[in-house]
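Every value quoted in this text rests on a predicted model; they were computed, and no experiment measured them. Values below: every heavy atom of this structure, side chains too, minus hydrogens, waters and symmetry copies.
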Amino acid sequence: MLQIQFVRENKDYVIERLKIKNFDANDIVTNIITIDAKRREAQIKADELLAKLNQLSKEIGDLFKSGKQVEANSLKEQVATLKIEAKTYADDQERYEQEQQQLLVLLPNMPHESVPAGKSENDNVVIFAEGDASNMSEEALPHWELATKYNIIDFELGSKIAGAGFPVYIGKGARLQRALINFFLDEASAKGYLEVQPPYVVNEASAYATGQLPDKEGQMYHATADNLYLIPTAEVPVTNIYRDVILKEDELPLKNCAYSACFRREAGSYGKDVRGLNRLHQFDKVEIVQINRQEDSYQTLEEMKDYVASILRKLELPFHILRLCGGDISFTAALTYDLEVYSKAQKRWLEVSSVSNFEAFQANRLKLRYKDSNGKTKLAHTLNGSALALPRILAALLENNQTPKGIRIPKALIPYTGFDIIEL
RNA sequence: GGAGAGAUGGCCGAGCGGUCGAAGGCGCGCGCUUGGAAAGCGCGUAAGCUCCUAAAGGGCUUCAUGGGUUCGAAUCCCAUUCUCUCCGCCA
């Protein structure tokens, strides 16, 4: 959520910036500013009357104490009418506040200067590429066929138990999952990220604070009996650790990593995108989160991007890094890098990580602040990224490492898997 | 799930319906003291909104959350959430 004070003081700038995201903010911003004026007007009136009420109440108290019952009672009558008046203004104020809030949450975050204009993913800019992204022979199998051939993932069995998009991993497949999770967590810990294990469900307040509610309600599984939501990413519970928190400056940067299962309804997805492991309702992911000073957040973003790249390198996967254009960047992000791995058998790039700086956009809703060296309280900048999501990594590993003998396990993973090949 | 007790500032903890944004302590910051440190002493130390060009200063709100009673609520009443104790159930 953008800060109202900033929007009020930089109306044209905000509208201009949001055009990069192909978002026409003119009407909303104009509306917000009108309501903001009314809101403050109502507050001034309400505050004035409340101040008077407080004053009179004190006088009444004093009068009672000194035994002047009659005067006290006549003051009481005055107060009665004042109260009604004050209530009207206070109600107005609250109503405007809510209206303003409802509009404010409709505004996306402003993109960073370096975000290229563009309409769709086709306008994203490749800023880095590494590894051999050539295709394999025509006999190469896509991962869903490899999964069946080697009996390591059973998609039908998952459908029987739960539904489409809930695969069952078997034997070396299951073991490989566990290896990847441990590998990712160990790498992150070595890089200074403190490991946390959060709940897999969150309450309404948490879902609102990170912006899943109200707009993405349909994308989350909802346990209605207890009004809990299954997390779509560990970002939600981990970021909420810092809801309503004021950090000390020397605690920054704050680095957390977390493994969690992630649950997404993915309503509206279809076709080749959902084939095999490409899009699941339940998947595993290790998430990295950083909280930092405003002036340091972009350096942190580079560091996080490079860190994720280093893991892909260790897994010997060909990848490239995209700077997302205005049309493809998410609602909440100011700048996002996508890391995509080349899947040689599907002959396409698979998004395996998204690393973003949200600047103060999330922190504003979260009320996540820090005291700087002057003792001033400021909104922190938040960043996060997948490091990494398992299914597509698994897909690429299976496809890219298929050989006539079996599926080769990259060196870095062997200590975790305990085997170096998946054979028939 | 049943019965009871509780929720106060960064932490501990006090708080007859008015003088309480809240005693006292700890912690933290600054200063004095010291060769330096500790101790000691002094001062300071919540957040949000708002008025003011800004600073200074003022106003309003906030003692789990939401409502209510009252001229006036941390204090009384109701609901919700959470914590603790006992019972029940149970990985």
Looking for any heavy atom pair under 4.0 Å, which part of the strands does [X] touch: base, sugar-phosphate only, or nothing?
X	value
A:Asn73	nothing
A:Lys45	nothing
A:Ile246	sugar-phosphate
A:Leu75	nothing
A:Leu56	nothing

Please measure how far the [atom1] atom in [N] lies from the corresponding atom in [M], and state the result in whole Å.
N	M	atom1	result
B:rC32	B:rA14	C1'	31 Å
B:rA74	B:rU65	C1'	15 Å
B:rU70	B:rU81	P	28 Å
B:rA64	B:rU75	P	8 Å

Are [X] and [N] close enough that a side-chain N or O sits under 4.0 Å from OP1 or OP2?
X	N	value
A:Arg40	B:rC49	no
A:Asn54	B:rU61	yes
A:Lys58	B:rC20	no
A:Arg39	B:rC49	no

Round to a whole Å and report the spacing from [atom1] of [X] to [atom2] of [N].
X	N	atom1	atom2	value
A:Leu368	B:rG48	CG	C1'	16 Å
A:Leu228	B:rU81	CG	C1'	13 Å
A:Leu50	B:rU50	CG	C1'	13 Å

*Below 3.5 Å, does any donor atom in the side chain of A:Gln43 face an acceptor in the base of B:rC60, or the other way round?*
no
*Under 6.0 Å from the six-membered ring centre of A:Phe419 and within 45° of its axis: does the NZ or CZ of A:Lys172 meet both?*
yes
*Under the 6.0 Å and 45° cation-pi test, does A:Lys191 pair with A:Tyr307?*
no
*Centres of the A:Tyr298 and A:His381 rings: under 6.0 Å?*
no
*When the nearest nucleotide of RNA chain B is assigned to A:Arg8 and to A:Lys76 on a heavy-atom basis, which residue is associated with the more 5' position?*
A:Arg8
*On RNA chain B, check which nucleotide each of A:Ser57 and A:Lys52 is closest to and give me the residue with the more 5' one.*
A:Ser57
*State whether A:Lys87 and A:Asp91 are salt-bridged, where the test is any N-O pair (Lys NZ or Arg NE/NH1/NH2 against Asp/Glu carboxylate O) under 4.0 Å.*
yes
_Would you call the rings of A:Tyr221 and A:Phe166 parallel, tilted or perpendicular, taking 30° and 60° as the class edges?_
tilted
